**Q** 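The structure that follows is given in the form of structure tokens.
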Amino acid sequence: MPQFFRMTRESLTSDRQAQSLPAGRTAILTLLMALVPVLGPHVAHLPAWCSAFAALMFAWRGYITWREVKRPTPLPKTWLLMVLLVITLAATLYTHRTLFGRDAGVTFLTILVSLKLLETRTKRDIVVAISLSYFLILTNFFYSQSIAVAALMLVALVLITSALIAANRDADAMPFMRQTRLAGVVILQAFPMMLVLFVLFPRVPGPLWGLPADANAGVTGLSDNMSPGMITSLSLSDGIAFRVTFNGAEPRPADLYWRGPVLSAFDGRNWRIQLPDPKRPSRFEPGGATFDYSVTLEPSSRPWIFALEMPTKLPADAHLTPDLQPVVDKPITSRRRYDAQSAPQYKSVATETQEDLAPYLALPEGSNPRTRNLMAGWLFQGRGPAQIVDMALNYFRTEEFFYTLEPPLLDNNPIDQFLFISKRGFCEHYSSAFVVMMRSAGIPARVVTGYQGGEINPVDGVFTVRQSDAHAWAEVWLRGRGWTRVDPTAAVSPARISFGMHGALPQRFAPPLITRFTGAWSAAWLDRVRFDWEALSNRWNQLVLNYSPDRQRETLERLGMKTPDWRDMAIAMVTGVGLICLAVTGWMLRTVREHDPVERAWRAFCKRLARAGAPREPSEGPLDYARRAAGQLRTGTADTPGAIEAAAAAYAALRYGPKPDKVRVRQFTQLVRNFQI
Amino acid sequence: MEATTASKLFRFSMIYNWIFQPRGPETGEIFLHQRRVFIFPTRYGFFFAFSLLGFLASSINYDLSLGFVLTFFLGAAGLVAMLHTFRNQLHLYLKPLKAEPVFAGSEASFDLLLENRKGYERAAIWLKTVDAETVTDIAPYQSVNVTLTAPAVKRGWLTLPRITVETRYPLGLLRSWSYWQPDLPCLVYPKPAPTGMRFPDAPEGSGEGAPTGPGAEDFAGLREHQVTDSPRHIAWKNAILAMETGMPLLVKHFHGAASSEVVLDYDTLPPAMDMEQRLSLLTRWVLDADALKFTYALKLQETVLGPAGGDPQRLSCLRALALFGVAP
């Protein structure tokens with residue numbers, strides 16, 4: 001027992017000694033190189049001072065390491081590093097207002113690695129810096145998990161591992177390329193095991209602890225309110241809102257209204273969600289064809305999902321609000337896939353009482369007087385609600401209204417200003433003005449936001465709906481018909497609905513290169529490349545990024561596991577990893593098992609001499625042994641002693657001489673095989 | 001039920017013996033087969049595993065698919081590193097070469113040969129004893145000589161303490177090691193006494209007309225230099241050493257009586273000296289006599305060596321002195 005403990009203790013103290021070796025030059029330079037791809041993507045969201053600080057520290061350390069070859073160059077004094085640490089921590093606190101959370105954490109880690117490099121003296125120090133760098137790889141995934149980032153991080157992983165190998169070359173350094181190739185081999189050999197672990201490691205739905213407030217910061221998308229200019233800003237984003245695959249037929253482009261937040265409360269400027277109370281839901285009856293589809297929704301941090309008007313089936317945790325907005329129980333914090341069914345040719349059913357409809361008529365006191373006057377005039381002419389809707393749409397069509405992404409700023413009474421003065425606007429202006437007009441005329445109306453259209457990828461048939469497809473339209477309540485969709489934007493710019501937003505906008509609003517090529521810009525091969533790339537990205541999202549507990553269960557069931565629980569997965573995982581480990585062991589030790597032919601021939605030769613009566617002493621060298629055996633053996637021909645010594649001399653030459661070539665090895669094995677005794 | 005501490009210890013020592021199979025000193029070339037190579041995670045290995053738990057928790061919490069990929073890549077790389085570390089040491093050939101005799105009080109050097117008969121490099125192979133350690137790389141199909149030192153405290157045979165052959169390459173997450181005690185004894189001569197002791201008088205009548213020195217008298221030993229001494233009699237061979245070490249300058253001391261040989265006799269030394277002191281003094285005399293190219297005999301009780309001169313005589317005398325009274 002004490003001996004057993006001593007073994008373990010010895011193992012660990014021995015480590016401590018090894019850790020105090022000086023850190024190798026190659027290891028430091030390799031780590032500096034590895035930190036370029038690790039921190040490169042972070043530059044986009046790190047505070048500028050932090051990127052500059054890290055670059056400066058790396059350059060300093062690189063300079064010291066380079067200069068060290070010629071003359072001893074001391075590392076900066078500890079007090080200086082402490083001062084730098086305090087200053088940068090203060091700057092972090094000042095920039096982020098906290099030291100915790102995602103952004104502040106990444107800034108802090110970057111500072112830590114930069115300063116650690118400047119006090120890296122021993123192997124232990126460099127190993128600490130390497131561990132921090134591995135973690136910095138992980139932090140990149142907080143911001144993006146695209147294919148490009150994944151590829152860059154794979155490069156970083158190999159380079160950091162290469163630095164770790166360099167740190168463990170206790171005797172002599174190895175050329176950078178060979179050391180990096182070895183790191184590549186290690187990662188390549190780890191790949192199959194990683195795959196098994198990835199597929200089979202029982203997934204737990206997160207989060208384990210509260211997500212920091214900034215976990216999904218910067219995610220754009222529709223919100224629970226709408227003010228002039230909000231959707232306009234979304235329209236310039238080429239970010240993806242969701243992707244859709246139709247199982248079977250696809251609806252007409254004009255039916256692609258993806259319903260989102262329904263806004264019915266108006267304060268004169270902003271529209272907000274306001275659920276009617278008492279809650280009498282709007283009703284509809286599905287009619288015509290239904291369409292089944294799966295949606296992969298990007299995280300929005302909002303508790304709602306999108307579905308085609310009108311959804312007839314939704315996932316289990318989703319339901320329709322009384323305003324017919326599909327919502328879910330918890331905010332969407334990670335990419336989510338769900339199946340739904342919709343009937344675009346639905347028929348609304350009018351069951352609402354006057355009381356139920358009151359909230360849809362509310363307008364702030366005294367706001368937008370000119371609009372009210374206009375509507376009062378129309379009412380005075382004795383028009384019915386349906387006629388007033390048509391007149392309003394006609395008004396948009398015949399007056400000089402423009403559909404533009406650069407509407408002028410609107411201040412007080414924005415609806416009046418828009419309708420009578422600027423007459424330039426985007427979908428939110430049209431829908432908002434239209435609903436105010438309707439309410440002024442005593443017609444219940446509400447704003448519906450969501451997305452309209454989408455782009456189909458001919459490569460894999462997937463619809464991509466982007467933030468730039470964000471749209472706002474209106475619903476009016478008509479007696480006998482219930483809630484009816486009216487899209488005032490279509491009156492101004494029919495192309496917006498038929499050809500998508502980019503058919504409707506002047507060329508200079510086409511968002512950045514690659515994401516959109518329209519009209520004369522369009523080149524067939526570029527489109528082709530773009531569609532291929534998007535199809536690949538979509539596969540990547542589906543297979544890798546969206547591997548949730550549900551998807552894991554589906555995948556394993558498809559692989560033949562019946563209702564797998566975590567125990568089955570754990571067993572399969574351990575078995576899989578074990579088998580792969582065995583395979584890699586076999587592959588790696590193959591050189592160990594196949595004895596070198598020279599050695600094998602020599603052993604057979606010695607065995608034969610031993611049988612003839614001259615066994616080899618363990619301490620005897622080949623030449624001494626041959627001399628003794630040649631003198632000792634009395635059997636065989638007159639040539640035998642000479643042959644023994646010749647074989648031994650050849651063996652010694654092959655064994656201890658310069659690296660043998662194949663011809664000489666074959667000569668030797670033949671010589672030994674032909675030896676008779 | 002009544003498992004005493006002693007029986008527990010016994011059981012564990014059985015386990016220990018079964019795992020490590022202590023072998024004692026081994027002659028000749030040693031082949032590190034699988035049963036001799038052990039492997040265990042290092043401190044960093046434990047730390048690495050622990051930090052991967054942190055990686056995993058972050059990946060679950062933030063739902064980072066690529067975080068899982070990274071965590072599993074690193075975990076799998078740890079397993080792969082185990083194979084690399086093991087293979088780095090497996091099937092290494094170890095061979096004791098030589099250990100030149102040394103005087104007590106100095107460092108003994110043990111030359112060992114590490115041979116790599118495989119087509120891949122073995123890097124960062126450590127050899128450690130309680131006293132010394134060394135690290136080396138071995139290129140494919142090459143061998144490397146390494147030297148381990150151990151302090152030679154006592155005369156007699158010095159065996160190298162058990163060597164631990166170990167490596168952590170390539171990732172430092174695991175340490176593989178083997179134990180090896182080569183049967184490579186180093187002969188340790190007694191520590192020579194300080195210079196300046198007089199040679200003993202040669203026994204009378206033993207002379208047989210040996211050639212006489214330039215002083216027409218017979219050399220009888222060395223004593224400290226006095227100002228009246230003739231420069232001809234200064235022991236110049238010792239003078240350089242004396243000047244470097246600050247020891248007194250010696251002069252050759254001649255006897256009028258004819259004595260052709262020096263006999264260095266253990267028993268004639270003053271009774272106040274103990275065995276080690278006598279052996280130490282005799283060692284000094286043997287070295288002096290050899291330095292002056294004398295013919296001398298060494299009497300260690302019943303063992304008599306010589307009279308003779310030159311290297312063979314010196315070496316056999318020193319060996320006899322080293323092993324006097326040492327159980328064979």
Side-chain angles (χ1 to χ4, degrees), chain A residues 1 3-4 7-8 11-12 14-16 18 127 131 134-135 137-138 141-142 145 150 153 157 161 164-165 167-172 174 182 186-187 189-191 193-194 197-198 201 204 206-209 211 215 333-334 544-547 577 581 584-585 588-589 591-592 596 599 618-619 659, chain B residues 8-9 12-13 15-16 20 27-29 40 42-44 47-48 51 55 57-70 72-77 79-81 83-84 87 90-91 117-120 123-126 128 133 135-137 141 143 164 166 168-172 175 177:
Chain A
M1 182 70 172
Q3 273 175 315
F4 188 78
M7 175 281 286
T8 320
S11 180
L12 295 178
S14 169
D15 292 341
R16 207 161 38 212
V127 164
S131 305
Y134 275 134
F135 194 76
I137 292 189
L138 187 76
F141 302 142
F142 289 137
Q145 300 192 73
M153 290 308 122
L157 178 65
T161 309
L164 187 56
I165 291 173
N168 278 289
R169 298 283 305 193
D170 297 335
D172 281 317
M174 194 185 202
L182 178 59
V186 169
I187 295 301
Q189 287 171 336
F191 183 78
M193 269 183 258
M194 181 279 288
L197 286 168
F198 184 81
F201 186 86
V204 199
L208 296 177
W209 63 90
L211 289 172
T333 52
S334 59
V544 182
L545 303 188
N546 195 29
Y547 196 71
V577 168
C581 224
V584 177
T585 312
M588 278 185 48
L589 299 188
T591 49
V592 166
D596 139 40
E599 194 58 32
S619 57
K659 193 170 160 37
Chain B
K8 262 188 202 162
L9 282 178
F12 278 112
S13 82
I15 292 170
Y16 176 86
F20 293 106
T27 17
E29 190 176 70
F40 196 72
T42 58
R43 266 161 197 276
Y44 178 57
F47 167 77
F48 186 81
S51 63
F55 280 47
S58 305
S59 305
I60 294 174
N61 201 49
Y62 292 87
D63 194 27
L64 302 174
S65 259
L66 292 186
F68 282 106
V69 171
L70 177 71
F72 297 147
F73 243 137
L74 288 175
L79 287 178
V80 170
L83 300 174
H84 280 269
R87 189 183 76 147
L90 191 66
H91 291 204
R117 296 188 191 168
K118 299 293 171 204
Y120 53 85
I125 303 272
W126 287 87
K128 295 183 174 179
E133 59 181 30
V135 60
T136 184
D137 297 336
Y141 302 116
S143 40
T164 307
E166 65 175 49
R168 286 179 195 75
Y169 189 75
L171 298 192
R175 163 185 182 255
W177 77 100

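What you see is a predicted model; the values in this text were computed from it and never measured. Proteins get letters first, then strands, A, B, ... in listed order; numbering begins at 1 in each.
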**Q** Between A/N168 (side chain only) and B/L171 (backbone N and O only), is there a donor and an acceptor less than 3.5 Å apart?
**A**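 Yes; at least one donor-acceptor contact below 3.5 Å.
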**Q** Does any heavy atom of chain B fall under 4.5 Å from the side chain of A/M174, the backbone, both, or neither of them?
**A**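 Side chain of A/M174 only, per the 4.5 Å heavy-atom cut-off to chain B.
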**Q** Please name all residues satisfying side chain to side chain contact (heavy atoms under 4.5 Å, CB included) with A/L197, sequence neighbours left out, ordered by chain then number.
**A**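 With sequence neighbours excluded, A/L197 shows a side chain to side chain contact (heavy atoms under 4.5 Å, CB included) to A/M573, A/V577, B/F72, given in chain and number order.
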**Q** Report which part of B/I125 has an atom under 4.5 Å of a heavy atom belonging to chain A: side chain, backbone, both, or neither.
**A** neither
**Q** Can a donor-acceptor pair be found, under 3.5 Å and without considering hydrogens, that links the side chain of B/Y120 to the backbone of B/R87?
**A** yes
**Q** Look at the aromatic rings of A/Y134 and B/F48 and report parallel, tilted or perpendicular, splitting at 30° and 60°.
**A** perpendicular
**Q** Report the residues that fulfil side chain to side chain contact (heavy atoms under 4.5 Å, CB included) with B/L66, sequence neighbours left out, ordered by chain and then residue number.
**A**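 Listed in chain order: A/F141, A/Q145, A/A150, A/W540, A/V544, A/L545, B/V69.
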**Q** At a 4.5 Å cut-off on heavy atoms, which part of B/L70 comes close to chain A: side chain, backbone, both, or neither?
**A** side chain
**Q** With only heavy atoms counted, which part of B/S51 is less than 4.5 Å from chain A, the side chain, the backbone, both or neither?
**A**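 It is neither, since no heavy atom gets under 4.5 Å.
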**Q** Check each atom of A/I187 against the heavy atoms of chain B and say whether the ones under 4.5 Å are side chain, backbone, both or neither.
**A**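 Both backbone and side chain.
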**Q** Specify which of B/L79, B/D137, B/V135 makes the most heavy-atom pairs with chain A at under 4.5 Å.
**A**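 Most pairs with chain A among the choices: B/D137.
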